[in-house]
Each structure stands twice: as structure tokens, then as C-alpha cells.
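Have a look at the structure below, then the notes.
Order of the sequence lines fixes the chain letters, A, B, ..., with proteins taken first and strands second; residue numbering starts at 1 for each chain. Because the structure is predicted, anything quoted here is derived from the model rather than measured. The figures here come from the full heavy-atom set of this structure, side chains too, leaving out hydrogens, waters and symmetry mates.
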There are 2 protein chains.
Amino acid sequence: MSLRYALLGLLADEAGSGYELTKRFERSLDRYAWHAKHNQVYQELNRLAADGLAEVVEEGARGRKTYAITEAGRADLRHWLLNPPRTPVVRNEFVLRLFLLFALDPKEARSVLADYAAAVQRDLDALTALVESANFDPHDGVLPDPLAFGHLAAGFGLHMLPASRDWAQWAITQIDNQAGEDAGHEGARETGTSGGDGSAEDGDATKGSGSAEDSGATKGSGAVDEAPGS
Amino acid sequence: MSLRYALLGLLADEAGSGYELTKRFERSLDRYAWHAKHNQVYQELNRLAADGLAEVVEEGARGRKTYAITEAGRADLRHWLLNPPRTPVVRNEFVLRLFLLFALDPKEARSVLADYAAAVQRDLDALTALVESANFDPHDGVLPDPLAFGHLAAGFGLHMLPASRDWAQWAITQIDNQAGEDAGHEGARETGTSGGDGSAEDGDATKGSGSAEDSGATKGSGAVDEAPGS
DNA sequence: TATCCCATGTAAAGCGTTACATGATTAA
DNA sequence: TTAATCATGTAACGCTTTACATGGGATA
């Protein structure tokens, strides 16, 4: 049902045709929130109209139909927004791939992670440029027209993209640390100084790609088998 | 096809039965990476076996079958890991809901965001506790057994959860700022909204660097309409 | 024995992807 | 005129969800 509400959300912002909504979908929701293809959009718009949640307010050239949300549609959207399920659906092929990297050897895994970090950095640069050109100072943190559509999405990217990049760089240092140890001497895993360096992560956020030298300490073997449960 | 590779990944880590793999799935992949139900797991295991990518290595009580990955399975997984598509699938019902918040009035949106931030904080606390109990110092940033399954996932949570929480708090300040401005003419807006703590300020997005170059501030009009494109 | 959790499935319906199809408008 | 892009759809197939179904093992 999520596609239905994604479309109602777009329509709540502004009426539009199937083609136009598909474009807006791609530009604003596709990356972080929800993915859908154009034919799915057309079909869902038909259903929305059949259910009285949207209506055709204009018909133009070559069959173009402009849809607008109805009052019933607004009510339905509102209800959905205010009643989140306990277990929302999450699917992210990016992240899945990254989580399974342990199945590769360290060199390959490192390369995939470096590509990922670089791609994230490019996205971040593009977003920063967009947002600056829209008269928004990312350091100040105040956007014009708060709560406008796309506003929340832009802020989301500005927060999450650096974290995502930093995670990838952190993962690379983990690999390098292990590789360094394995090269040294087999079996033994103990190196002094566990508190020595302060975080090779966060903060520094080196633009561009990872430098990832830094050596660290590895402590005894341990669990951390899984992420926290449901 | 992603479910297939999620399962191959789990099997590459360790063999297991359908029930067991379902549990591992829920604990490690479900939250950030990929969601699937138990019956889907059983069906996919059958297909995996039929395709020679996994095999039954043990049959136990009440029909229990333990599957292991085959060499063909490892090769297939490896190929998938090394050849990412240009446009991976992303679906996140959480984020979708948050992006569409503009369709609510500010008070309601604020409440949804506050609930979200609190839930994320609880997740983060749980993860931190788990990771500390597993002999990992989150400030040091060095994990035992790098690249182990779940290791990358734990690090991911440690990086992304704070960003996610900070974004929600940033969004709340945006709402409050706008509400303060609007209070000029419109009616009362100084209500003591529900359990809100009011201290939505956190150090992150507010640091440094003087304001902008500023030219023609178009407030209220549609600057920053969309997130960066595909 | 009753009850709960373990453990594995099947069937139907709904959602999403891939491939195919069609015609209009705009720019070279 | 030709090609690219705009713009809208249909059909078949595959993936996911919901609901239903079954029985073993452990414990009170």
C-alpha cells in the first residue's frame, strides 16, 4: 500500500499527470524512500480515482490526465501518516550488498567499499550544490519554507550521506587493520594501546576518498554477531 | 533476486535450517537491509537447492533440513557482490512516512518526528549496550573480528542511527522556527504540545561558518523542491 | 492432557518488473 | 524527414504478503 500513499503525498503537494508524478517520484522519493516504475504509477492513479481518493481535474493533449487529491484522499493519507505499523518494510539493495561483503576477500571488499564511499561523496557534493543554489546555507541549517516537499528530503540527505560515507570509510579501516595483522604473524592477535588514537571515524570527514591509513588495536575475539533484534 | 543473495550470504557465513535462517534474517538484515517472511525463506531455499546453489547437508526431526552453500552458490554470490546494478532498489516505509509529513499540520508532524527520534534513540541505546557487552569500545572504533557477519551491520547502526535521530531533531527545529514566525498574525501558537521536551537542539547542524552569500531570499516560494536526481 | 513454542509448509491474492506497444510533439 | 523525447498504457511473469494448515517436542 505504500505506493498509494507516496502518490497521495505527491498529489497533496500539487496535482499532476502520470508522467509528471513519475518524474517527481524519481527526483524526490526514489533514492531514500520508495521506488516505483512509470507503469505502476499509471495503474495506481487509476485505482486511486476508482476509490475516490483522487480525481481527474483536467484532460489535455494525447490522453494526458491531470489528477488531484480529494478530501477523502487527504483523510486517508492523514490516517496513514498518523498510524505507523510496528514493523515498517525496509528494503535496500545497497545496504544488503554491503552487509554481505564478508563473503569476499579483503581486497575485493575494500574496493567495493571505496567505490561506494566515492559514490556517496558525489551524491553529497551534488546535493550540497543544489541546496546552496537554492539559497540554503547548510551550516546555518535554516531552510526557506520548512516542511515543503523535498525540504525534509534534502535535510535527510545532508544528514545521512556523510554518515553513510563515514561508515564505509570506517569499514575500510577495519579491513586494513585486519590485513595488517594477518600479514604480521599468523594467529596472534594482540597489539598494545587500545585507547591510543581517538576515533578514525566521524568528524574528520575527509572530502574525496578515503585515506584510511591509521593503525589501531584489536582486542580479543568476541561476539557482535548480529545487529539488534526486531 | 535480492532475497536469494541475502540467503546465500547467510549460508556463506554458516549453514542452517529454514527456521534458523529466518531468525538470523530477522536479527541481522531485516532492519536496514532486506525484509522477508518465513515462508518466503523456505520457498527460496527450495529454489536454491534446485538450482544447485545450496544443498541439504542434514535432515533432522520433524522435517528439519539443514542447508549449506555450494561452490556454485559461492561463485554466484561473489558475482552479485562484485557487480552492483546502477540503480539498486530502495524501499523504506519509515522514511517515506517522514518525507510526507508536510501533509500534516505542524503540531502533528512534530509529534510524529518526536516519536521517531525517541524510537531511534532506543535502538541506538540497545545497540550500544549490545556492542559494549561484546567487548567493543564504540569510542575506540575498533571491533574484534572485522568483516565478520553482523560486524558491518553493527557499525552501520552506530553510524546511521545518530544521523537519523539528528535529522529528526533538525526537522523539529525547522517546524518550530516556522511556527514562531507564523505566530505573528495567525492565532495562538504557543501551546504546550504533548510530551515534547522542547530541547530539540543538538550540536550537529548548527556549527560554524558564517551565513551565506545571500542574494534575493525567496522565502516561502519553492526553493529546494526536490532531492538530487537519479 | 493441555498448552505453548518449535518448525515447516501450501494457496490465493496483491504488488512490482520486464517487455512490448502506440502515438504526439519538438529539434536537427 | 528523421530521430529523440514526451506521454500513456497492456500483458505476462515473478516476488511478496496474508491466511491457512499441520504436526512434533517440552513442560506443567
Side-chain angles (χ1 to χ4, degrees), chain A residues 1-8 10 15-27 29-30 33-51 53-54 56-67 80 85-93 96 229-230, chain B residues 1-8 10 15-27 29-30 33-51 53-54 56-67 80 85-93 96 229-230:
Chain A
M1 291 271 83
S2 292
L3 170 61
R4 156 158 298 200
Y5 294 105
L7 284 173
L8 282 176
L10 290 171
S17 68
Y19 187 82
E20 196 188 339
L21 288 163
T22 301
K23 293 290 171 168
R24 281 207 267 154
F25 212 109
E26 282 165 6
R27 275 179 299 167
L29 299 180
D30 205 66
W34 204 263
H35 170 77
K37 313 254 189 219
H38 75 101
N39 50 358
Q40 220 179 335
V41 170
Y42 288 113
Q43 284 172 33
E44 191 61 37
L45 284 171
N46 280 332
R47 272 179 235 133
L48 247 16
D51 294 347
L53 305 181
V56 176
V57 291
E58 190 194 336
E59 304 203 27
R62 61 189 120 143
R64 181 195 192 96
K65 282 179 283 188
T66 302
Y67 292 84
W80 181 80
R86 346 95 198 96
T87 55
V89 169
V90 173
R91 291 203 169 90
N92 192 321
E93 202 181 321
L96 176 61
S230 50
Chain B
M1 290 271 85
S2 292
L3 171 61
R4 155 159 300 201
Y5 295 105
L7 284 172
L8 283 177
L10 289 171
S17 67
Y19 187 81
E20 196 188 339
L21 287 163
T22 301
K23 293 289 171 168
R24 282 208 267 154
F25 212 109
E26 282 166 6
R27 274 179 298 167
L29 299 179
D30 204 66
W34 204 262
H35 171 78
K37 313 256 188 218
H38 75 101
N39 50 357
Q40 222 180 332
V41 170
Y42 288 112
Q43 284 172 35
E44 191 61 39
L45 284 172
N46 280 334
R47 271 178 236 133
L48 248 16
D51 294 346
L53 306 181
V56 176
V57 290
E58 189 194 334
E59 303 205 27
R62 60 189 118 145
R64 181 195 192 97
K65 282 179 283 188
T66 302
Y67 291 84
W80 181 80
R86 346 97 197 96
T87 55
V89 169
V90 173
R91 292 204 168 90
N92 191 323
E93 203 180 320
L96 176 61
S230 54

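Relative to the side chain of B/Lys37, the nucleotides D/dT18, D/dA11, C/dG16 differ in distance, and D/dT18 lies closest. Of the candidates C/dA11, C/dG9, C/dT17, the closest approach to any side-chain atom of B/Val89 belongs to C/dT17. Comparing atom distances between the A/Tyr19 side chain and each of C/dA7, D/dC6, C/dC15 picks out D/dC6 as nearest. Distances were taken from every side-chain heavy atom of B/Gln40 (C-beta onward) to each of D/dT16, C/dT17, D/dC15; the shortest belongs to D/dT16. Nearest to the side chain of B/His38, among C/dT8, D/dT8, D/dA19, sits C/dT8. Taking every side-chain heavy atom of B/Met1 into account, D/dC15 is the closest of C/dG16, D/dC15, D/dG9. When the nucleotides D/dA11, C/dA7, D/dT8 are ranked by their closest atom to the side chain of B/Arg64, C/dA7 comes out on top.
What separates CD of B/Gln43 from P of D/dT18 is a distance of 14 Å, to the nearest Å. Rounded to whole Å, atom C1' of C/dG16 lies 11 Å from atom CD of A/Glu44. Between the CD atom of A/Glu58 and the P atom of D/dT8 there is a distance of 11 Å, given to the nearest Å. We find that CG of A/Leu21 is positioned 16 Å from P of D/dC6, with the value rounded to whole Å. In this entry the distance linking OH of B/Tyr5 with P of D/dC15 reads 11 Å, nearest Å. Taking atom CD of residue A/Glu26 and atom P of nucleotide D/dT5, one finds them 15 Å apart after rounding to whole Å. What separates CZ of A/Arg4 from C1' of C/dG16 is a distance of 15 Å, to the nearest Å. D/dT8 atom C1' lies 11 Å from atom CG of A/Leu45, rounded to whole Å.
Between the A/Arg24 side chain and the A/Leu10 main chain, a donor and an acceptor come within less than 3.5 Å of each other.
Annotation: side chain of B/Val89 is in contact with side chain of A/Glu93 (closest heavy-atom distance under 4.5 Å).
Here A/Arg91 lies in heavy-atom contact (under 4.0 Å) with sugar-phosphate atoms only. No engagement by B/Thr22 is indicated, since no non-hydrogen atom pair under 4.0 Å with the nucleic acid exists.
Between B/Glu20 and A/His35, the residue anchored closer to the 5' end of DNA chain C is B/Glu20, taking for each the nucleotide with the nearest heavy atom.
With hydrogens and angles ignored, no donor-acceptor pair under 3.5 angstrom links the side chain of B/Asn39 to the base of C/dT8.
Under 4.0 angstrom from either OP1 or OP2 of C/dT8 there lies at least one side-chain N or O belonging to B/Tyr42.
Atom-to-atom distance recorded for A/Thr22:OG1 and A/Leu45:CG is 7.5 Å, nearest 0.5 angstrom. Rounding to the nearest 0.5 Å gives a distance of 4.5 Å between CG of A/Leu48 and CG of A/Leu8.
Evaluated for a salt bridge (Lys or Arg N to Asp or Glu O under 4.0 Å) with B/Arg64, the options B/Glu20, B/Glu59, B/Glu58 yield exactly one hit, B/Glu20.
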